[in-house]
Every structure is written in structure tokens, then in C-alpha cells.
Undergrad: 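Mind looking over this structure? Questions follow.
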Amino acid sequence: MSIKDKLNIIINKLPKEVSLVAVSKTKPNDAILEAYEAGQRIFGENKIQEMTQKWEALPKDIEWHMIGHVQRNKVKYMAEYVSLIHGVDSFRLLKEIDKQAKKHNRVIPCLLQMHIAEEETKFGLDSSELNHIVSSEEFEALKNIKVIGLMGMATFTDNTSQVRKEFANLKSMFDGLKNSLSDISVLSMGMSGDYSLAIEEGSTMVRIGSSIFGARNYS
Ligand SMILES: *Cc1c(COP(=O)(O)O)cnc(C)c1O
């Protein structure tokens, strides 16, 4: 099946209020262009250098989302163009994004990444760290970032009731955040294997890679 066909199958399953980030990490420009020609405009990458090369080479109306873990010393390479940073998991990182955004006279939209999975290895904040960040005066002083929601990754398991519980937990933190901040609108949760569950639990943005572009080859 072509990329275009796989993309359309997914788009047809998404409620209209759920947006799709086509995760193109490790995939070549011609694969991205095929999805672009089918109408897709939002693409997700997890390496800043790879994303920047693609941004330079590909049509400028693509919105690039950074979905991976962000190293502070690399923020400068994407500050000019990135549309949304999903994986913000510390105040220090937020501060660096603010500083680099300022150099380009931009306000960069960000999502705070929450740790919802059982695995130790997944990055993210817990709810007390979240509250600590968003209630601080230093946070309020950052004028070149805008936190517009939350992102999370569920445990990689076949146990759907566990995955559902983790998504529901993220959704309740998202609803709670609306009490502290204005313009909270994006809940980024759901990947190829679990996006239907994520949508049932209130996702507004899904990040789907392999179901569109095929399995990734990291060799
Ligand atoms: C790779 C990746 C995805 C997409 O995963 P698929 O299973 O290929 O859909 C989604 N979110 C993040 C953070 C990723 O790193």
C-alpha cells in the first residue's frame, strides 16, 4: 500500500478535532513529499539535526514538530522554524527555548511532557513537578515560549486497560492545567499502536509514524 493510501486510512479514522503529526524520523525526503502531496502538513521528528536538514530541503509550509527528547545545547538549531516542541521536561529546557526564541523574535509553542508510563526510561515530569513549574514566577516571566498543553507516552504493553488508565491520567492532568494556564488546547497522546485508545481518552493530537511510513530501519 502506498504512503498516501495508508495516510488516508488513518485520516479517515480521526475525529475532525484530532490533528495528525506524521512521524517521519529516519524516513527520506521523498517519503515525506509523498505524504505532503497527499495533503499532510505536520511532520514529527525526534532528532534536531535530522529535522533541520529536512526543513532546509522541503517545502516551507511544512510545520515541523520536535517530538523527541531535547538537549538544551541543540535548541538553537531549531528555534528559527520549529512549530511545536512536544518533549519539554524541565524548567531549564523551557528557559533555553525562551532564550533562543527571543533571538528570532518568536514565541515558540511547547508541550510539557508528563511521565505516565511504568517504564523508568521514559522521560517526563510528574504532576508535582508540573505544578511547581507552572506556578513559579520564573515561568511567568518567560515571554518567548507558550505552553499550550501536555504530551505523554503510555507503557509499551498489550495490556489495554493499563494503557487506557495511563491516558486517562494524562487527560486529567491536562484538564487540571486549564485551571492554572490560559489557552491550554493540545493533548498529544497516541502512536501507531495505541492512538484509537488515546482518542477515546481525550487526545487532541496523535503522533503516528510506522502506520504511515512503514517500519523504521535503524541500522
Ligand atoms: C517514534 C515516535 C512516535 C511514532 O511511533 P510509531 O509507533 O511509529 O507510530 C510517536 N511519538 C514519539 C515520541 C516517537 O518518538
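Just follow the structure's listing: the first ligand is 1, and inside any ligand the first atom is 1. Residues: numbered from 1 along the sequence shown.
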Undergrad: Please identify which atoms of ligand 1 are closer than 4.0 Å to at least one heavy atom of Met151.
TA: 13 (C)
Undergrad: For atom 9 (O) of ligand 1, what's the nearest protein heavy-atom neighbour? Residue, atom name and distance, please.
TA: Ser192 OG, 2.5 Å
Undergrad: Measure the spacing between SG of Cys110 and CG of Leu84 and express it to the nearest 0.5 Å.
TA: 7.5 Å
Undergrad: For atom 12 (C) of ligand 1, what's the nearest protein heavy-atom neighbour? Residue, atom name and distance, please.
TA: Ile67 CD1, 3.5 Å
Undergrad: Counting both backbone and side chain atoms, is some N or O of Arg207 under 3.5 Å from an N or O of ligand 1?
TA: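 Between Arg207 and ligand 1 (N or O atoms, distance only) the closest approach is under 3.5 Å.
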Undergrad: Would you say Asn46 and ligand 1 have an N/O pair spaced under 3.5 Å apart?
TA: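 In this structure, Asn46 places no N or O atom under 3.5 Å from an N or O of ligand 1.
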Undergrad: For ligand 1 and Gly209, I'd like to know whether there is a polar contact (N/O to N/O, distance under 3.5 Å).
TA: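 N/O-N/O distance below 3.5 Å exists for this pair.
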Undergrad: Taking atom OG of Ser127 and atom CG of Leu170, what is their separation to the nearest 0.5 Å?
TA: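 One gets 11.0 Å once the value is rounded to the nearest 0.5 Å.
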Undergrad: Which atoms of ligand 1 are found less than 4.0 Å from any heavy atom of Ile208?
TA: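 Under 4.0 Å from Ile208, ligand 1 has these atoms: 9 (O).
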Undergrad: Which atoms form the tightest heavy-atom contact between Gly202 and Leu187, and what is the distance?
TA: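 Looks like O-CD2, 3.5 Å.
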Undergrad: How far is atom 1 (C) of ligand 1 from its nearest protein heavy atom, and which residue and atom is that?
TA: Lys25 NZ, 1.4 Å
Undergrad: What protein heavy atom sits nearest atom 5 (O) of ligand 1, and how far off is it?
TA: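 I find the closest protein heavy atom is Met191 CE, 3.5 Å.
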Undergrad: Is there side-chain contact between Met51 and Tyr77, with at least one heavy-atom pair below 4.5 Å?
TA: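 No, too far: nothing below the 4.5 Å cut-off.
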Undergrad: Hey, can you tell me if Phe43 and Trp64 have their rings parallel, tilted or perpendicular (30° and 60° cut-offs)?
TA: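 Tilted.
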Undergrad: Looking just at side-chain N and O atoms, do Asp183 and Ser185 make a donor-acceptor pair shorter than 3.5 Å?
TA: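 No pair is found: no donor N or O on one side chain lies under 3.5 Å from an acceptor on the other.
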